[in-house]
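This report concerns only the one structure given below.
Residues: numbered from 1 along the sequence shown.
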Amino acid sequence: MMNWQQLISNKRLGQEHRHTERHDDRTEFKRDYDRLIFSAPFRRLQNKTQVFPLPGSVFVHNRLTHSLEVASVGMSLGNDVARKLTERHPELRDTLFQEIGQIVATACLAHDMGNPPFGHSGEKAIQTFFTEGPGSGLQRQLSHQFWDDITHFEGNANAFRLLTHQFQGRRAGGFVMTYTTLASIVKYPFASAAAGKKGKFGFFTTELDTYRHIADELGLICQSGPGEPLRFARHPLVYLVEAADDICYEIMDIEDAHKLKILSYEETADLLLSFFDEATRERIARRIADEGLTDNNEKVVYLRACVISLLESECVQAFVDHEEAILSGQFAGSLIGHISPLPAEAYTRCSELSVQRIYRSKPVLDVELSGYRIMETLMQQMVDAIMHPDRFYSKQLIGRVSSQYDIGNPDLETRLMAVIDYISGMTDVYALDEYQKICGLSLPIV
């Protein structure tokens, strides 16, 4: 069994033996939160697609607004779980455990920071460059572990790398995070060799020892046998981060689809009200009337808030009810998968409609197709440049890359990872601009 006293640690990666003088009353976990909020990688999320194309006349969610909303829900989940579990375990009062709301909120801020431009389409472009494209010829020159990493390239693993990897002798973005915050963002705590058909994993080979050190420090349960790829049980707070994400992306995508007129008001209201029994629906209708809400967008906002509140409460209860299974590493699935039947059925209905009507809608598919081609071209041009660095065009391309990326390293795997770091860190707009310049489609205007 994992235990809460060990799981919640404010020790910082890279500062284990260093005494740092403090000049304010912030907790170590609040410092983590502030470091993320003020970081350049976090700000860049404002220019990365969530689901729909970046906003024109109608504002929809991008990765930044999504992450802020997930952090808000995560804070509520953590605070409510802390309150309920300290009633069950009085010994947890006045300990670091009571800060789990802050920890979960911080991990929620970071959960999408490793995503490349154009989301899943960008991930797929990086993967298939090596499995189906020109990069496939490099396999014989690379280790099995590294090949597994890049052919399963994953935004989750990339987020852990971004927060822990030391780029060119200095930590990226100045991140020196607490062990517990770092463990709380690793949704899939195993190596790429164990990714399976879903292709999900939590850390690249370059960060494997770092994750193992954190896991050992926090007492996470190792679930891999001798000779098997490294695999740990999740840190319990990962379930709360995942629940906050599940709640926000599903419900907020429905709201965005209504704003973009992909779903009618009647369809949207029916979906959101289906989370409640008849008596609750009537109470909600009376509140809407009492509030004087007549605009359909305002009504959807109100209904969305009701659904999020319900799902947050349900996930808190699921966590508390399954605390022992979570701490023993035996809990299966997500918290959303363990909520009451009525909201569970409504959530499934929303998920199915989202696939049919939202994620396969023309605007979304257009962004995915364009994004894939942009990322594919950037990968091809940059990898070709590092493979033939003495060519004139290669020198021109490499000369545009920030010195933070170790793109001139004599080791091929290090150079390839530097290219992936560089391209995956771009915003959608920057990637498009680079693509147009590389392809000669635009010239800088002086």
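Within the structure, every pair that satisfies the salt bridge (charged side-chain N to carboxylate O under 4.0 Å, His left out) test and touches residues 218-244, not counting sequence neighbours, is listed here: Lys187-Glu242, Arg234-Glu242.
Between Lys84 and Glu87 there is no salt bridge, since no side-chain nitrogen of the basic residue lies less than 4.0 Å from a carboxylate oxygen of the acidic one. Lys48 has no carboxylate O lying under 4.0 Å from a charged side-chain N of Asp112, or vice versa, which leaves the two without a salt bridge. Using a 4.0 Å cut-off between charged side-chain N and carboxylate O, Lys11 and Glu28 make no salt bridge. Salt bridge Arg212/Asp216: absent, no basic N to carboxylate O contact under 4.0 Å. Asp406 has no carboxylate O lying under 4.0 Å from a charged side-chain N of Arg415, or vice versa, which leaves the two without a salt bridge.
Going from atom CD1 of Ile185 over to atom CG of Leu237 covers 12.5 Å, rounded to the nearest 0.5 Å. Atom-to-atom distance recorded for Ile407:CD1 and Arg400:CZ is 11.5 Å, nearest 0.5 angstrom. In this structure, Leu64 CG and Thr427 OG1 are separated by 12.5 Å, a value rounded to the nearest 0.5 Å. A distance of 10.5 Å separates OH of Tyr372 from CZ of Phe129, quoted to the nearest 0.5 Å. Within the model, atoms CE of Met75 and OG1 of Thr106 stand 7.0 Å from one another, a figure rounded to the nearest 0.5 Å. With rounding to the nearest 0.5 Å, the separation of CG in Asp209 from CD1 in Ile214 is 11.0 Å.
Using a 3.5 Å distance cut-off with no hydrogens or angles, the side chains of His258 and Glu255 do not pair a donor with an acceptor. In this model, a donor atom of one side chain and an acceptor atom of the other lie less than 3.5 Å apart for Asp32 and Thr181. Thr27 and Glu99 form a side-chain donor-acceptor contact under 3.5 Å, judged by distance and modelled atom types alone. Remark: the Glu250 side chain and the Ser351 side chain contain an N/O donor-acceptor pair separated by less than 3.5 Å. Side-chain contact of Gln127 with His152: a donor-acceptor pair under 3.5 Å is absent, judged by distance alone. With hydrogens and angles left out, the side-chain atoms of Glu154 and Asn156 include a donor and acceptor closer than 3.5 Å.
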Could you give me the CA-CA distance, side-chain angles and deciding distance for Ser192 and Asp149, then say whether side-chain hydrogen bond (donor to acceptor under 3.5 Å, both in side chains) is met? CA-CA 5 Å; Ser192 57; Asp149 285 353; 2.5 Å; yes

Passes side chain to side chain contact (heavy atoms under 4.5 Å, CB included), Arg304 versus Ile254? Steps please. CA-CA 9 Å; Arg304 175 260 293 163; Ile254 296 292; over 6 Å; no

Walk me through it: do Phe130 and Ile420 pass the test side chain to side chain contact (heavy atoms under 4.5 Å, CB included)? CA-CA 12 Å; Phe130 295 104; Ile420 294 173; 4.1 Å; yes

Any chance you could lay out the side chain to side chain contact (heavy atoms under 4.5 Å, CB included) test for Asn158 and Asp421, step after step, and finish with the verdict? CA-CA 8 Å; Asn158 204 39; Asp421 289 333; 4.2 Å; yes

Quick one, Asp148 with Gln145, criterion side chain to side chain contact (heavy atoms under 4.5 Å, CB included). Give me CA distance, side-chain angles, the key distance, then yes/no. CA-CA 5 Å; Asp148 280 335; Gln145 296 92 334; 5.7 Å; no

Yes or no on side-chain hydrogen bond (donor to acceptor under 3.5 Å, both in side chains) for Asp245 and His66, after CA distance, side-chain angles and deciding distance? CA-CA 9 Å; Asp245 189 30; His66 168 71; 2.8 Å; yes

Run the side-chain hydrogen bond (donor to acceptor under 3.5 Å, both in side chains) test on Asn62 and Thr65 for me, step by step, so that the C-alpha distance in whole Å, both residues' side-chain angles and the decisive distance to 0.1 Å come before the verdict. CA-CA 6 Å; Asn62 54 39; Thr65 51; 3.2 Å; yes

Quick one: side chains of residues 315-327, donor-acceptor pairs under 3.5 Å with protein atoms, not counting sequence neighbours, listed by atom name and distance.
{"residue": "Gln317", "atom": "NE2", "partner": "Asp321", "partner atom": "OD1", "Å": "2.8"}
{"residue": "His322", "atom": "ND1", "partner": "Ala318", "partner atom": "O", "Å": "2.8"}
{"residue": "Glu323", "atom": "OE1", "partner": "Arg88", "partner atom": "NH1", "Å": "2.7"}
{"residue": "Glu323", "atom": "OE1", "partner": "His89", "partner atom": "NE2", "Å": "3.1"}
{"residue": "Glu323", "atom": "OE2", "partner": "Trp4", "partner atom": "NE1", "Å": "3.0"}
{"residue": "Glu323", "atom": "OE2", "partner": "His89", "partner atom": "NE2", "Å": "2.9"}

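Partner of Gln98 under the side-chain contact (heavy atoms from CB on, under 4.5 Å) criterion, out of Ile100, Asp94, Leu96: Asp94 alone.
Taking the six-membered ring for Trp and the full ring otherwise, Tyr422 and Tyr405 have centroids separated by under 6.0 Å. Between Tyr239 and Phe331, the gap from one ring centroid to the other is short of 6.0 Å. If you look at Tyr211 and Phe203, their ring centroids are closer than 6.0 Å.
A distance-only check finds a donor-acceptor pair linking the side chain of Ser121 to the backbone of Glu368 [under 3.5 Å]. Side-chain atoms of Ser313 never come within 3.5 Å of backbone atoms of Leu310 as a donor-acceptor pair (strictly under, hydrogens ignored). For the pair Ser39 (side chain) and Leu36 (backbone), a donor-acceptor distance under 3.5 Å is present. Between the Glu123 side chain and the Phe153 main chain, no donor and acceptor come within less than 3.5 Å of each other. A side-chain donor-acceptor contact under 3.5 Å links Ser334 to the backbone of Gly337. Side-chain atoms of Thr128 never come within 3.5 Å of backbone atoms of Thr131 as a donor-acceptor pair (strictly under, hydrogens ignored). A donor-acceptor contact shorter than 3.5 Å is absent between the side chain of Arg35 and the backbone of Met177. For the pair Glu312 (side chain) and Ala243 (backbone), a donor-acceptor distance under 3.5 Å is absent. Remark: the backbone N or O of Cys350 is paired with a side-chain donor or acceptor of Ser354 at under 3.5 angstrom. In terms of modelled atom types and a separation under 3.5 Å, the side chain of Glu314 and the main chain of Ile336 share no donor-acceptor contact.
Side-chain contact between Phe146 and Met417 is present, with at least one heavy-atom pair separated by less than 4.5 Å. Counting only heavy atoms from C-beta outward, the side chains of Phe275 and Ile251 approach each other to under 4.5 Å. A heavy-atom distance below 4.5 Å is found between the side chains of Met375 and Pro116.
The two residues Gly329 and Ile221 make their nearest non-hydrogen contact at N-CD1, 4.0 Å. Pairing each heavy atom of Ala244 with each of Cys108, the nearest pair is CB-SG, 3.9 Å. When every heavy atom of Thr210 is checked against every heavy atom of Leu13, the shortest pair comes out as CG2-CD2, 3.6 Å. Across all non-hydrogen atoms, the minimal contact from Phe42 to Met113 is N-CE, 4.0 Å. The two residues Asp246 and Tyr347 make their nearest non-hydrogen contact at O-OH, 2.9 Å. Leu7 approaches His235 most closely through the heavy-atom pair O-NE2, 3.0 Å.
Within a 6.0 Å sphere centred on CZ of Arg373, heavy atoms belonging to other residues, nucleotides or ligands number 12 at most. Taking a 6.0 Å sphere around OH of Tyr393, one finds it holds more than 12 heavy atoms contributed by other residues, nucleotides or ligands. In Lys299, the NZ atom is crowded: over 12 heavy atoms of neighbouring residues, nucleotides or ligands sit closer than 6.0 Å.
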